[in-house]
Amino acid sequence: MSKILTVTFDGSVLRPDIPPDLEPNKRYVITIVSENINSSETKWLMCGMY
C-alpha cells in the first residue's frame, strides 16, 4: 500500500493535514520530502511508490 499525505511538523510531531485512512497502532515507514521541491523531483519520487 502506498499513500501520499501532507503533514505539518509542529516541532515534535508530524500532524496530517487531513485524517489518514490508516490502521491504528500499526507501524508504517514514511519518506519525508519538503513541499518546495520541483515537479521533476516529485515525479521521480512518485515512480518508486507504485
Side-chain angles (χ1 to χ4, degrees):
M1 167 188 61
S2 293
K3 291 184 181 255
I4 296 175
L5 303 172
T6 55
V7 300
T8 301
F9 182 59
D10 68 7
S12 317
V13 177
L14 293 168
R15 303 207 180 270
D17 294 337
I18 59 171
D21 182 22
L22 298 172
E23 186 179 329
N25 302 310
K26 183 175 179 179
R27 292 181 59 88
Y28 294 91
V29 175
I30 63 170
T31 301
I32 307 295
V33 179
S34 177
E35 192 173 46
N36 61 357
I37 63 172
N38 68 43
S39 62
S40 64
E41 288 176 295
T42 303
K43 290 176 188 173
W44 180 83
L45 289 165
M46 301 267 301
C47 288
M49 296 187 68
Y50 301 102

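Just so we're clear, the structure is a prediction, and the values are computed from it rather than from any experiment.
- In this structure, T31 OG1 and I4 CD1 are separated by 10.5 Å, a value rounded to the nearest 0.5 Å.
- For the pair R15/F9, no side-chain contact is recorded, criterion being any heavy-atom separation below 4.5 Å from C-beta on.
- I32 has its side chain out of reach of V7: every pair of non-hydrogen atoms, C-beta onward, lies at least 4.5 Å apart.
- At a threshold of 4.5 Å between non-hydrogen side-chain atoms, the residues D17 and T8 count as touching.
- Counting non-hydrogen atoms of other residues, nucleotides and ligands closer than 6.0 Å to CG of D21 gives a total of 12 or fewer.
- Checking side-chain atoms of Y28 against main-chain N and O of E23 turns up a donor-acceptor pair under 3.5 Å.
- Atom CG of L14 is separated from atom CG of L5 by 10.5 Å, given to the nearest 0.5 angstrom.
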